[in-house]
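Values below: all heavy atoms of this structure, side chains included; hydrogens, waters and symmetry mates excluded. A quick note: this is a predicted structure, and the numbers were derived from the prediction, not measured. Chain letters run A, B, ... following the sequence lines, proteins first, then strands; residues in each count from 1.
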Protein chains: 2
Amino acid sequence: MEDAATPVSAQKQAASPRRAPSQQRSRERVERMLAAASALIAEQGSDAMRMGEVAERAGVSIGSLYQFFPDKRAIIWALAERYTAESQSCISAALAGISDAERLQSAFSELVDIYYRLFLAEPVIRDIWSGTQADKALRQLELADSRANAEFLSAVLKRLRPAADPATLETTAFLVWQMGEAAMRLAISVERQEGDRLVAAYKRMALRELLAE
Amino acid sequence: MEDAATPVSAQKQAASPRRAPSQQRSRERVERMLAAASALIAEQGSDAMRMGEVAERAGVSIGSLYQFFPDKRAIIWALAERYTAESQSCISAALAGISDAERLQSAFSELVDIYYRLFLAEPVIRDIWSGTQADKALRQLELADSRANAEFLSAVLKRLRPAADPATLETTAFLVWQMGEAAMRLAISVERQEGDRLVAAYKRMALRELLAE
DNA sequence: GCATAAACGTGATTAATCCTCACATTTGCA
DNA sequence: TGCAAATGTGAGGATTAATCACGTTTATGC
């Protein structure tokens, strides 16, 4: 886990390569950098987050920051990757082994609620996934994450409806999942009450689709 | 129309006010600025669009540009507003007067196809609505646009299902519409073939919801 | 025609930021 | 102990959005 979230993976993006922290000392510093970035994003949003501020709050120089993160987006990317890794294990656990409609219904409903509460409560997640569309690397991360989660869902669907075309089920699962993320983003951007209604409506819509013959 | 798209409306945003073009001369210049911006966005994306480049290509000074647009986002906003105004009239026309399920089905299906083709064909639209989430003013514009379009749709639904709770129908229409925009954004960001499948799946899902008892 | 105010036009300059780089320091290890 | 690699530093380069003081054009009243 500490390994997976290592910022070196941010190289996948585009910028010049950066060293991965190999010493204990620097690993701790990188943690401080991420923590500082997280705090600043929570306070002002990732757009207003200044690299100098991150460095200052982490107690490192701006140069050290750039030693481990090729650019500003890489920091955000690293935070996003942690969240996706964490949530993916939750989701796989919640959907594992389900093979009847009732359990799918309750598990899915609960999953949506958990996600919704998470989005409402965590300003950092909200900020990062709001800006997703603007950043190619983040978008790719979200797509990959979504595909992975949709796979758990389509696995359940295939068990529930063995006669149906598997490819169609996969498309359905992916779409339902993406619609869910969009519904969350929408729900948190409107009044709380309307958001609740929208999430409920999404649940109905998604379940109707998932449980349809 | 020329009036509605006037960049003075960009004042609604946040930046310092700017003069609205009142002379013929300046109105033509503003058109040139918007055209230049549109071309640059089509070529390189709005992020890479430089204000100096816009001015140069429009044949005006950077100062003139800022005389009519308080900031960079205002230009993009003005372009976005034109597109929304244009599409809204199309949508209202397509959905007007529908009061039976068959016609709703065919009209909705056609509308989705039109939108999808538009997104595929117009790089400017694609760019602007991709970056929507990152910009508050654009997000508001899209939300308002979506609400307006959803209203056309919910009007149809209310005629189709007079016994149903109107508030629920409104929420459904809004959600279906937003899901549609999200589906479009998703579809154009993946391989063409998968995009087609996703749009088709969205259509099925949306129509199932819209025509449900 | 003339005067005057308002609208318009200009581009060098300012300000804010991301990011680099030449050099100093610390750590792991033979 | 000594050296190579890793790590740390922060002044400064580079980019670019946005300003502003001043010059020019247009509309309008007489």
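- Separating the OG1 atom in B/Thr172 from the OH atom in A/Tyr202 is a distance of 14.5 Å, to the nearest 0.5 Å.
- Distance B/Lys72 NZ to D/dT19 P: 15 Å, rounded to the nearest Å.
- Residue A/Tyr66 places at least one side-chain N or O closer than 4.0 Å to OP1 or OP2 of C/dC19.
- Rounded to an integer number of Å, the gap from B/Met33 CE to D/dA17 C1' is 16 Å.
- An OP1 or OP2 oxygen of D/dT9 is reached within less than 4.0 angstrom by a side-chain nitrogen or oxygen of A/Arg29.
- Atoms CD1 (B/Ile75) and C1' (D/dT16) sit 14 Å apart, rounded to a whole Å.
- For B/Arg50, there are no salt bridge (Lys or Arg N to Asp or Glu O under 4.0 Å) partners, not counting sequence neighbours.
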Please test A/Glu181 against A/Arg139 for salt bridge (charged side-chain N to carboxylate O under 4.0 Å, His left out), starting from the C-alpha separation and ending with a verdict. CA-CA 12 Å; A/Glu181 306 210 334; A/Arg139 192 179 179 84; over 6 Å; no

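- To the nearest angstrom, P of D/dT26 lies 12 Å from CD of B/Glu28.
- In this structure, CZ of A/Phe69 is placed 15 Å from C1' of D/dT7, rounded to the nearest angstrom.
- The interatomic distance linking A/Leu65 (CG) with D/dT7 (P) rounds to 15 Å, in whole Å.
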What do the steps show when you test B/Phe108 against B/Leu211 for side-chain contact (heavy atoms from CB on, under 4.5 Å), and what is the final call? CA-CA 11 Å; B/Phe108 184 83; B/Leu211 303 178; over 6 Å; no

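- For DNA chain D, none of the residues of residues 46-55 of chain A falls under the heavy-atom distance limit of 4.0 Å.
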Write down the protein N/O and nucleotide N/O pairs, taken from nucleotides 10-14 of chain D, whose separation is under 3.5 Å; answer none if there are no such pairs.
{"residue": "D/dG10", "atom": "N7", "partner": "A/Gly63", "partner atom": "N", "Å": "3.4"}

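- Note on residues 122-134 of chain B: no pairs pass salt bridge (charged side-chain N to carboxylate O under 4.0 Å, His left out), not counting sequence neighbours.
- Remark: B/Lys203 pairs with B/Asp113 by the salt bridge (Lys or Arg N to Asp or Glu O under 4.0 Å) rule, at least two apart or across chains.
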Show the numbers, then the answer: is there a side-chain contact (heavy atoms from CB on, under 4.5 Å) between B/Arg197 and B/Gln193? CA-CA 6 Å; B/Arg197 279 204 308 272; B/Gln193 201 182 357; 4.1 Å; yes

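- One can place CD of A/Gln67 at 13 Å from P of C/dC21, the figure rounded to the nearest angstrom.
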Which atom pairs, one a donor and one an acceptor, fall under 3.5 Å between side chains of residues 146-155 of chain B and the rest of the protein, sequence neighbours left out?
{"residue": "B/Ser146", "atom": "OG", "partner": "B/Gln178", "partner atom": "NE2", "Å": "3.0"}
{"residue": "B/Arg147", "atom": "NH1", "partner": "A/Glu194", "partner atom": "OE2", "Å": "2.7"}
{"residue": "B/Arg147", "atom": "NH2", "partner": "A/Glu194", "partner atom": "OE1", "Å": "3.0"}
{"residue": "B/Asn149", "atom": "ND2", "partner": "B/Asp145", "partner atom": "O", "Å": "3.3"}
{"residue": "B/Ser154", "atom": "OG", "partner": "B/Glu151", "partner atom": "O", "Å": "3.2"}

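- If you take CD1 of B/Ile76 and P of D/dA17, they are 10 Å apart, rounded to a whole angstrom.
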Please determine whether side-chain contact (heavy atoms from CB on, under 4.5 Å) holds for the pair A/Leu186 and B/Phe174, giving the CA-CA distance in whole Å, both sets of side-chain angles, and the decisive distance to 0.1 Å. CA-CA 10 Å; A/Leu186 172 62; B/Phe174 184 40; 4.0 Å; yes

